[in-house]
Number of protein chains: 2
Amino acid sequence: MLEVMDQAERHLTADAILERAQKIDPRVHRVTVYRTLEMLKKMGLLDELDLLHIHGHGHYYESHGPRDHIHVACLGCGKVREVESDLFEQLKNQISKDTGIEITISRAEIGGYCEACRRR
Amino acid sequence: MLEVMDQAERHLTADAILERAQKIDPRVHRVTVYRTLEMLKKMGLLDELDLLHIHGHGHYYESHGPRDHIHVACLGCGKVREVESDLFEQLKNQISKDTGIEITISRAEIGGYCEACRRR
DNA sequence: ATAACTGCAAATCTTTTGCTTACAG
DNA sequence: CTGTAAGCAAAAGATTTGCAGTTAT
């Protein structure tokens with residue numbers, strides 16, 4: 001039922017997901033959102049991020065695509081960019097080999113200041 | 001005053017830090033811990049992690065060494081290993097170049113199942 | 001009838017804020 | 001005296017839990 005919210009863009013908080021879900025069916029309850037998120041997370045369909053806590057300690061969710069991407073956030077303006085990189089894939093391979101761990105989740109988050117913000 | 005806690009091992013929650021601080025001086029207040037953490041974070045002396053939320057939604061702190069390391073956690077037994085990798089440095093350089101962002105924080109967390117846990 | 005899903009209210013956990021007091025320079 | 005740090009109580013925000021009512025099988 002809540003797979004719908006999953007179709008949305010990117011980086012939604014639980015709250016934002018609730019809102020969207022309620023546009024479709026006003027009866028959906030916050031708790032249902034959390035329970036569904038929990039489920040989707042366990043099934044590996046969803047990634048949970050915190051985007052380096054730029055905006056408080058809440059979490060963000062996005063549907064897990066076939067390829068990992070890295071989140072690059074500007075600490076000044078808050079803009080978040082997504083980047084794919086082969087190096088990250090290599091890194092994972094290397095780690096998997098070195099540690100003997102079979103990787104199921106991976107996440108990289110990078111913060112800094114973009115050019116515009118650096119000028120200020 | 002709370003630099004002491006910073007000397008401790010690794011991956012402490014705010015709660016654990018409070019406990020340790022109180023062993024030294026029982027008067028320290030939870031709020032002080034949070035305020036100090038906030039400060040150290042801003043100064044870049046401390047990293048805040050969530051270790052992929054293996055154990056709930058709390059946060060973990062560790063003092064920031066000269067070199068970034070990647071946290072590799074087993075989702076089965078909860079063990080967390082730290083790994084350094086040149087590839088990660090390269091990755092950061094690449095991203096910095098590609099996006100024009102001057103990187104000040106970076107974090108990579110990887111989860112999976114270790115050999116022992118895979119057998120179960 | 002049974003099992004899975006949902007709503008609701010309330011609890012819990014973590015972190016933050018406002019205000020006041022203590023302390024050092 | 002003056003500004004920074006710390007305590008305390010209370011608020012705020014996010015997420016979880018227990019229980020009861022619904023629905024689909």
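Model, not experiment: these values are computed from the prediction. Chain naming here is simple, since letters A, B, ... match the order of the sequence lines and numbering starts at 1 in each.
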Does a side-chain N or O of [X] approach OP1 or OP2 of [N] to a distance below 4.0 Å, or not?
X: B/His59; N: C/dT14; result: no
X: B/His57; N: C/dT12; result: no
X: A/Tyr34; N: D/dT16; result: no
X: B/Thr32; N: D/dG7; result: yes

Please report, rounded to the nearest Å, how far the [atom2] atom of [N] is from the [atom1] atom of [X].
X: B/Leu18; N: C/dT16; atom1: CG; atom2: P; value: 15 Å
X: B/Arg35; N: C/dT20; atom1: CZ; atom2: P; value: 14 Å
X: B/Asp15; N: C/dT12; atom1: CG; atom2: P; value: 16 Å
X: B/Asp50; N: D/dA14; atom1: CG; atom2: P; value: 16 Å
X: B/Tyr60; N: C/dC13; atom1: OH; atom2: C1'; value: 13 Å
X: A/Leu49; N: D/dA14; atom1: CG; atom2: C1'; value: 16 Å
X: B/Ile24; N: D/dA6; atom1: CD1; atom2: P; value: 14 Å
X: B/Met39; N: D/dA5; atom1: CE; atom2: C1'; value: 9 Å

Using the closest heavy atom to pick a nucleotide of DNA chain D for each, name whichever of B/Arg30 or A/Lys41 lands nearer the 5' end.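 It is B/Arg30, whose closest nucleotide lies nearer the 5' terminus.
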Could you point out which residue of B/Glu115, B/Arg81, B/Lys79 forms a side-chain contact (heavy atoms from CB on, under 4.5 Å) with A/Ile101?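 For A/Ile101, the side-chain contact (heavy atoms from CB on, under 4.5 Å) check succeeds only for B/Arg81.
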Taking only residues two or more places apart in sequence, or in another chain, which ones meet A/His29 in a ring-ring contact (aromatic ring centres under 6.0 Å, His included)?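 Scan of A/His29 (ring-ring contact (aromatic ring centres under 6.0 Å, His included), adjacent residues dropped) gives none.
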Under 3.5 Å, is there a donor on one side chain and an acceptor on the other for A/Tyr113 and B/Glu102?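 There is no such pair between these side chains.
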Which one, C/dT16, C/dT15, C/dA9, comes nearest to the side chain of B/Glu38?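 When the side chain of B/Glu38 is considered, C/dT16 is the closest of C/dT16, C/dT15, C/dA9.
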Among D/dT15, D/dT17, C/dT16, the nucleotide that comes nearest once only the side chain of A/Ala14 is considered: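 Taking heavy atoms from C-beta onward, the closest nucleotide is D/dT15.
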Are side-chain heavy atoms of B/Leu49 and B/His59 found at a separation under 4.5 Å?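 B/Leu49 does not reach B/His59 side chain to side chain.
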Can you name the closest pair of heavy atoms from A/Val80 and A/Ala73 and give their distance?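 Heavy atoms only, the tightest pair is CG2-CB, 4.0 Å.
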Select base, sugar-phosphate, or nothing to describe what A/His29 touches, counting heavy atoms under 4.0 Å on all strands.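 Since a base atom lies under 4.0 Å of A/His29, the category is base.
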